[in-house]
Number of protein chains: 2
Amino acid sequence: MDPNKQARLDAAGWKVGDAADFLSLSPAEAELVEIRHRLAQAVRTVRAEHHVSQAQLARILGSSQSRVAKIEAGDRSVSLDLMVRALLGLGLGHQELAGWLGAKSAA
Amino acid sequence: MDPNKQARLDAAGWKVGDAADFLSLSPAEAELVEIRHRLAQAVRTVRAEHHVSQAQLARILGSSQSRVAKIEAGDRSVSLDLMVRALLGLGLGHQELAGWLGAKSAA
DNA sequence: CGTGTGCATGTCGAATCCGACATACTGGAC
DNA sequence: GTCCAGTATGTCGGATTCGACATGCACACG
């Protein structure tokens, strides 16, 4: 979070934590959320780099545009399986996948 | 594959390919198989290192021993989600997960 | 020998996730 | 302004995956 914003919120009497604090997630649950978010970002980024529309990716996956939109939105109805299949469909291998999982966040 | 073994099979008139050749999988399908195999291995290895039984891990996950066995066997009825949740339940974070995904295989 | 612990496999009803479709919102071209 | 491609959101019936349980096998200990 932007330190300036945090300072302002502090001054206003707000407690500042992350989503895990707020929802009281276990460490494992928080990690799963992080992973889902990273993969969702990866799909959106890689797809854009390849100049592929959601509809086109959907065809590659044998799915529909709406589901691709949900993948990138991190919708609750989307499993890790589908996210990973989307990335593989975009041509990534397991090594590159590991890169998206493990790389430091752009913050 | 062990080069010696391949040489022996060659001598016997066998064509030697990998599972993807045999089943004519697309690259993406082959990658998914690879990923599932790596995660299954990771669960078995990390669990053993922590001296945790399948039944104990099952309790951590809120699941049953039989499902943990299927996870480690790479059973078709097990999703990537469940495999990842198992690893997170064993205390791994997304970085370590990426390590298991991306590390070079022991061959 | 019997007993206990750990792991594997098959099957079930219930829960989740899927593709598909309808629909709505956006931003750029004309 | 009207279009249109791209994206987002909600819902549905059917497919997949879930936890649970039963059961079998192997191995160690007594």
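The model shown is predicted, which means the values in this text are computed figures rather than measured ones. When reading the values below, keep in mind they use all heavy atoms of this one structure, side chains included, and skip hydrogens, waters and symmetry mates. First the proteins, then the strands, lettered A, B, ... as listed; each starts at 1.
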Select base, sugar-phosphate, or nothing to describe what [X] touches, counting heavy atoms under 4.0 Å on all strands.
| X | value |
| --- | --- |
| B:Ser64 | base |
| B:Val68 | nothing |
| A:Ser79 | sugar-phosphate |

In this structure, how many angstroms lie between the [atom2] atom of [N] and the [atom1] atom of [X], rounded?
| X | N | atom1 | atom2 | result |
| --- | --- | --- | --- | --- |
| B:Asp75 | D:dT17 | CG | P | 10 Å |
| A:Glu72 | D:dA8 | CD | P | 6 Å |
| A:His50 | D:dG6 | NE2 | C1' | 19 Å |
| B:Arg85 | C:dA15 | CZ | C1' | 12 Å |
| A:Leu57 | D:dT7 | CG | C1' | 13 Å |
| B:Ile71 | D:dC18 | CD1 | C1' | 11 Å |
| B:Arg59 | D:dC21 | CZ | P | 13 Å |
| B:Leu61 | D:dG19 | CG | C1' | 11 Å |

**Item:** Shared hydrophobic cluster for B:Leu80 and A:Val43 (ILVMFWY, side-chain gaps under 4.5 Å)
**Value:**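 In one cluster with B:Leu80: A:Val43, yes.
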
query = Do A:Leu32 and A:Val78 belong together in a cluster built from hydrophobic side chains that touch within less than 4.5 Å?
reply =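 Yes, one cluster joins them.
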
Does [X] make a side-chain N or O approach to OP1 or OP2 of [N] shorter than 4.0 Å?
| X | N | result |
| --- | --- | --- |
| A:Gln65 | D:dA8 | no |
| A:Arg67 | D:dT7 | no |
| A:Arg47 | D:dT7 | yes |
| A:Arg76 | D:dG10 | no |

Please report the closest heavy-atom contact between B:Leu57 and B:Val52, naming both atoms and the distance.
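Looking at all heavy atoms of both residues, the closest pair is N-CG1, 3.7 Å.
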
Using heavy-atom distances to pick each residue's nearest nucleotide on DNA chain D, tell me which of B:Ser66 and B:Leu80 is more 5'.
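Checking each residue's closest nucleotide, the 5'-ward one belongs to B:Leu80.
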
Rounded to the nearest 0.5 Å, how far apart are OG1 of B:Thr45 and CD of B:Glu72?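 The distance works out to 8.5 Å.
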
Between [options], which nucleotide has the shortest distance from any of its atoms to the side chain of [X]?
| X | options | result |
| --- | --- | --- |
| A:Ser63 | C:dG10, C:dG19, D:dT17 | C:dG19 |
| A:Lys70 | D:dC18, D:dT9, C:dC7 | D:dT9 |
| B:Leu82 | D:dC18, D:dA8, C:dA8 | D:dC18 |

Exercise. Does NE2 in B:His50 sit with more than 12 non-hydrogen atoms of other residues, nucleotides or ligands closer than 6.0 Å?
Worked result: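 Atom NE2 in B:His50 is packed in, count exceeds 12.
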
